[in-house]
Amino acid sequence: QVQLVESGGGLVQAGGSLRLSCAASGRTFSSYAMGWFRQYPGKARDFVAGINWNGGDTYYTDSVKGRFTISRDDAKNTVYLQMNSLKPEDTAVYYCAATSRRLPNGDLEKRGAYDYWGQGTQVTVSS
């Protein structure tokens, strides 16, 4: 089994930045594809960004392209989400996710492709 723990959320003003971290343990981290999702109140979790098992392929939802960057450090068993130029519509609970499956890049955005989820961290952007 894999445990995922997010950190780095908080309150920022529009235009500010945050860096989220997700620390993983329990299995061989380098073999996992990783993703970030976010959930608005009363809504389902939406895909934000994904990075494939080899770290060389990334995928983003259109609304965050050019503002958010996903990366991973396998030596530290950690995946990151750097969020710049934050907007009020980015306000949500952010979750990291992992799967031991070797995913095609097009499947990184699919909620059902992931087997493990963190507890979430709140990001609030004020206007």
Quiz item: Nearest heavy-atom pair of A49 and L81: which atoms, and what distance?
Solution: CB-CD1, 4.1 Å
Quiz item: Can R111 be said to sit on top of F37's aromatic six-ring, NZ or CZ under 6.0 Å from centre and within 45° of the ring axis?
Solution: no
Quiz prompt | Heavy-atom side-chain contact between Y32 and L103 under 4.5 Å | solution = no
Quiz item: Would W36 and W117 show up in the same hydrophobic cluster when neighbours are defined by side-chain heavy atoms closer than 4.5 Å?
Solution: no
Quiz item: With hydrophobic residues grouped by side-chain heavy-atom distances under 4.5 Å, do V93 and M83 end up in a single group?
Solution: no
Practice problem: Heavy atoms only: give me the nearest S17-V12 pair and the separation to one decimal. | Solution: O-CG1, 4.0 Å
Quiz item: Honestly curious: do Y59 and F68 fall in one hydrophobic cluster under the side-chain, below-4.5 Å linking rule?
Solution: no
Quiz item: What is the distance from atom OG1 of T58 to atom CZ of R72, rounded to the nearest 0.5 Å?
Solution: 12.0 Å
Exercise. Drop me the distance from L20's CG to Q82's CD, to the nearest 0.5 angstrom.
Key: 8.5 Å
Exercise. To the nearest 0.5 angstrom, please state how far the CG atom of L86 sits from the OG atom of S127.
Key: 13.0 Å
Quiz item: Checking E6 side chain against G120 main chain: does a donor-acceptor pair fall under 3.5 Å?
Solution: yes
Quiz item: Looking only at heavy atoms, which two atoms of L18 and G8 are closest? And how far apart?
Solution: CD2-O, 3.8 Å
Self-check item: Side-chain heavy-atom pair Y40, T91 within 4.5 angstrom cut-off
Solution: no
Quiz item: Is R101 reaching over with its side chain to a backbone N or O of A33, donor-acceptor style, under 3.5 angstrom?
Solution: no
Quiz item: So, the side chain of Y114 versus the backbone of L108: is there a donor-acceptor pair under 3.5 Å, distance only?
Solution: yes
Exercise. Drop me the distance from Y80's OH to C96's SG, to the nearest 0.5 angstrom.
Key: 12.0 Å
Quiz prompt | Residue pair K87, D90: steps toward the salt bridge (Lys or Arg N to Asp or Glu O under 4.0 Å) verdict | solution = CA-CA 5 Å; K87 303 175 181 179; D90 296 318; over 6 Å; no
Quiz item: Looking only at atom types and distance, does a side-chain atom of T99 sit under 3.5 Å from a main-chain N or O of A113, one as donor and one as acceptor?
Solution: yes
Self-check item: Joint cluster assignment, V64 & V79, ILVMFWY side-chain distance < 4.5 Å
Solution: yes
Exercise. Just do the side chain to side chain contact (heavy atoms under 4.5 Å, CB included) check on V123 and R38 with the steps written out, would you?
Key: CA-CA 9 Å; V123 171; R38 62 188 177 188; over 6 Å; no
Quiz item: Atom OH in Y60, atom CZ in F47: separation rounded to 0.5 Å?
Solution: 9.0 Å
Quiz item: Would you call T61 and D46 a side-chain contact if the rule is heavy atoms closer than 4.5 Å?
Solution: no
Exercise. Report the C-alpha separation of L4 and Y95 in whole Å, then their side-chain angles, then the decisive distance to 0.1 Å, and conclude whether the side chain to side chain contact (heavy atoms under 4.5 Å, CB included) test is met.
Key: CA-CA 9 Å; L4 305 174; Y95 297 86; over 6 Å; no
Practice problem: Would you give the length of the straight line joining atom CG of N77 to atom CD of Q3, rounded to the nearest 0.5 angstrom? | Solution: 12.5 Å
